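Comments concern the structure below.
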Amino acid sequence: RGEGAVGSSTPLPVVAEARPFGRSAGGSAAVPLAQTERVFNAAHESVVRELKAFAAHRQEGGGPWGWEKYRSSQRHYLRYCCHAIITEMAAPGELCEVAASTVR
């Protein structure tokens, strides 16, 4: 086998040249690039609207529970919460600008 071949003792060139993302001069490697927090309360009308939209997008309005399975099942409610937080973090805005300026 030649150098860089799969199964050889020499890693592939891409792996050998891999480096972590660059950070800003004052940044610490232990600091996350982005973070967010939010309180989810299924008794609030705004959360109920989001739950209904999430269920409709997933086409899960059928069945005996309909969209309410996302409010009554902890597993499904957590799925919605994760989706909402990830969507918020991926949305254009300050978080994207910060990430773009710190990653080279």
Side-chain angles (χ1 to χ4, degrees):
R1 293 186 174 158
E3 186 174 316
V6 175
S8 71
S9 61
T10 306
L12 296 171
V14 173
V15 174
E17 296 174 12
R19 300 287 181 270
F21 287 112
R23 303 286 295 201
S24 61
S28 167
V31 177
L33 291 176
Q35 64 185 29
T36 187
E37 66 180 54
R38 180 176 168 190
V39 175
F40 290 93
N41 185 340
H44 293 162
E45 186 58 36
S46 61
V47 174
V48 171
R49 279 194 307 272
E50 288 181 21
L51 274 170
K52 287 179 180 179
F54 181 70
H57 178 72
R58 296 179 60 86
Q59 300 175 350
E60 296 193 31
W65 285 97
W67 69 269
E68 288 199 22
K69 82 175 176 182
Y70 285 94
R71 186 163 55 177
S72 59
S73 163
Q74 184 176 10
R75 185 184 78 174
H76 287 90
Y77 192 69
L78 184 59
R79 183 176 291 163
Y80 151 72
C81 293
C82 291
H83 168 80
I85 291 294
I86 291 168
T87 300
E88 184 178 310
M89 289 180 69
E94 279 188 43
L95 291 177
C96 292
E97 290 173 14
V98 170
S101 67
T102 57
V103 177
R104 292 181 213 164

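Predicted model only: the values in this text are computed from it and were never measured. Positions are given from 1 along the sequence.
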Approximate separation, where rounding is to 0.5 Å, of [X] [atom1] and [Y] [atom2]:
{"X": "W67", "Y": "S72", "atom1": "CH2", "atom2": "OG", "result": "9.0 Å"}
{"X": "E88", "Y": "E37", "atom1": "CD", "atom2": "CD", "result": "10.0 Å"}
{"X": "E45", "Y": "E50", "atom1": "CD", "atom2": "CD", "result": "11.0 Å"}
{"X": "C81", "Y": "Y70", "atom1": "SG", "atom2": "OH", "result": "12.0 Å"}

Among R71, E68, K69, find the residue that satisfies the side chain to side chain contact (heavy atoms under 4.5 Å, CB included) test when tested with L51.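 Exactly one candidate clears the test, R71.
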Look at the rings of H83 and F54 and say which category their plane angle falls in: under 30° parallel, 30 to 60° tilted, over 60° perpendicular.
->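 It falls in the tilted class, 30° to 60°.
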Do you reckon M89 sits in the same ILVMFWY cluster as F40, going by side-chain contacts under 4.5 Å, direct or chained?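 Yes: a chain of side-chain contacts under 4.5 Å links M89 to F40.
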